[in-house]
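Data first, discussion second: the structure below is written as structure tokens.
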Number of protein chains: 2
Amino acid sequence: MNDAVEALARKGPTGVEVADWIRSQIRSSRLVPGQRLVEVDIIRQTGGSRFKVREAFQRLAAEGLVEIEEFRGASVRGASMDEVRQLYRARAALEGICAAEFALKATDEQRRKLADLADEMEVCVEGGAPERFGQLNSDWHSLLMRGAGNAVIEDIVKRLNTPVHHLLFETFYKGDRLREAARDHRLIVKAVLDRDGPAAEMAMRQHIENGHRFLTDLDRAVHHGGVGEV
Amino acid sequence: MNDAVEALARKGPTGVEVADWIRSQIRSSRLVPGQRLVEVDIIRQTGGSRFKVREAFQRLAAEGLVEIEEFRGASVRGASMDEVRQLYRARAALEGICAAEFALKATDEQRRKLADLADEMEVCVEGGAPERFGQLNSDWHSLLMRGAGNAVIEDIVKRLNTPVHHLLFETFYKGDRLREAARDHRLIVKAVLDRDGPAAEMAMRQHIENGHRFLTDLDRAVHHGGVGEV
DNA sequence: GATAACAAGATTGTTGACATTTTTATTGTC
DNA sequence: GACAATAAAAATGTCAACAATCTTGTTATC
């Protein structure tokens, strides 16, 4: 909120800030795949000039988050189920290697923090607090990548997630996903505390793979071909 | 060249085309880290309007390839040795998993093509044709990722490479890097032909790691702290 | 009522002009 | 010659106006 206030105190938000705003709207499902991003609407809602809004569109297009068509403007890009598969495969590889690295070189404090977050999530599972679980989960994964000393990977993963964020939110509510995820986390934390790199990597890959399988099953149940595909 | 001709036949290049042009200049070391990208210069050289050039800057900034400072414009971003390490770690993870996948599910034709390219590269090593080796090497890695059925990873890796491309070019000329790389490729191809996923993954990770070590040694020899860092 | 042609409105693409800031060149002083 | 102050030039940031295109609503025709 600090940034937003600061932006308003000045004349208006920068292109980067507008892009962040749009990204947050996508994450919270207020903007869904296929939806058109009309310039004037964004201007009204952010206070940014047309110039800044168009800057933001270019940046988001480069990230692959929006699609720009000539004379039709920007719209939120969706991902096909096949692209989702590729996304998750990439995440499994990247976060897997971070887990291994974390297990070998994280500080004691980082390890403890990782375990604590996992414990908190378990409480959320029993107490039925999926939103809080989602936030903790995001923190947990970030901590792991940061502790592995790889901000580049952290950045990539954050971008990879955005196209399916509107789904993650829903999926956390349904089925036994929370319980399963908590169990996965427990395995990873154990390997980390044992300083067992390969085990941590394998457990992390399995964890991501489970998330993907859950998404696939969900999609098959709803039985439309793509996930927000347009 | 086809695209460039087409662009000239029309009124001028699009923002994406200007971005591609800048990227190619960086790849060929005609633009080096720290160098400022003056709008009028780009306009003169590409024929694009100022509008398009600024679009291109935004896209490249989103990719992390250029840096934009207020009232100072865009400049080519360099990478610190620590960032290079993170980059290579990410590549090792991503290409490693692609190698494993390729070994399991590539078509016979793709396998043969992979082996053929490796053979061609060996010839280049003996014949002393490093530029051709570089091209073949790029094709080889692309083929592997495409054959693994993961265009998302292919895209990420391409971006990851750009900030160090001006180095790759030099490094191919020096020392025994070519010979070493050819040997690595041989190991990977063997694992692929054996349909041994884990072996392919391990060999690929080692290959990327070797490339990183070579870069590190080179940097230590030249003994300045960063690689095009500004 | 369905459809096609047309017109009005909405939306995006592009350009040029001007404001702001940085960079470079010049001058004056010691 | 070194340095600081100043002015000129260069470069970037911003905006408003207009052009090109798409979208929507209306009318005419069958």
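A note on names: the letters A, B, ... follow the listed sequences, proteins ahead of strands, and every chain is numbered from 1.
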Legend entry - Nucleotide-level pairing of DNA chain C, given in dot-bracket where Watson-Crick and G-U pairs need both distances under 3.5 Å and | marks other strands: ||||||||||||||||||||||||||||||

Legend entry - Outermost nucleotides of DNA chain C that come under 4.0 Å of a non-hydrogen atom of chain B: C:dT14 to C:dT23

Inset, instruction - Classify every nucleotide of nucleotides 8-13 of chain D by which part a protein heavy atom approaches to under 4.0 Å, writing B for the base, S for the sugar-phosphate alone and - for neither, in 5'-to-3' order. - result: ---SBB

Inset, instruction - May I ask you to say whether B:Arg205 pairs ionically with B:Glu209, meaning some side-chain N is under 4.0 Å from a carboxylate O? - result: no

Inset, instruction - Answer with yes or no after comparing the ring centroid distance for B:His207 and B:His141 against a 6.0 Å cut-off, counting only values under it. - result: yes

Legend entry - Carboxylate-amine/guanidinium contact B:Arg77 B:Glu83, below 4.0 Å: yes

Inset, instruction - Answer yes or no: does a side-chain N or O of A:Ser49 lie under 4.0 Å from OP1 or OP2 of D:dT14? - result: no

Legend entry - Under-4.0 Å salt bridge between A:Arg44 and A:Glu39: no

Legend entry - Criterion side-chain contact (heavy atoms from CB on, under 4.5 Å) on A:Leu178 and A:Cys124, from CA distance to verdict: CA-CA 9 Å; A:Leu178 260 60; A:Cys124 290; 5.7 Å; no

Legend entry - Nearest atoms (heavy-atom pairs only) where A:Ala56 meets A:Gly15: CB-O, 3.5 Å

Inset, instruction - Please work out which of the three classes, parallel, tilted or perpendicular, describes the rings of A:His185 and A:Phe133, given edges at 30° and 60°. - result: parallel

Inset, instruction - Examine the side chains of A:Asp41 and A:Gln45 and answer whether a donor and an acceptor come within less than 3.5 Å of each other. - result: no

Inset, instruction - Go through the side-chain N and O atoms of B:Glu154 and B:Asn150 and say whether any donor and acceptor fall under 3.5 Å apart. - result: no

Legend entry - Test: B:Glu67 and B:Arg72 ion pair at under 4.0 Å: no

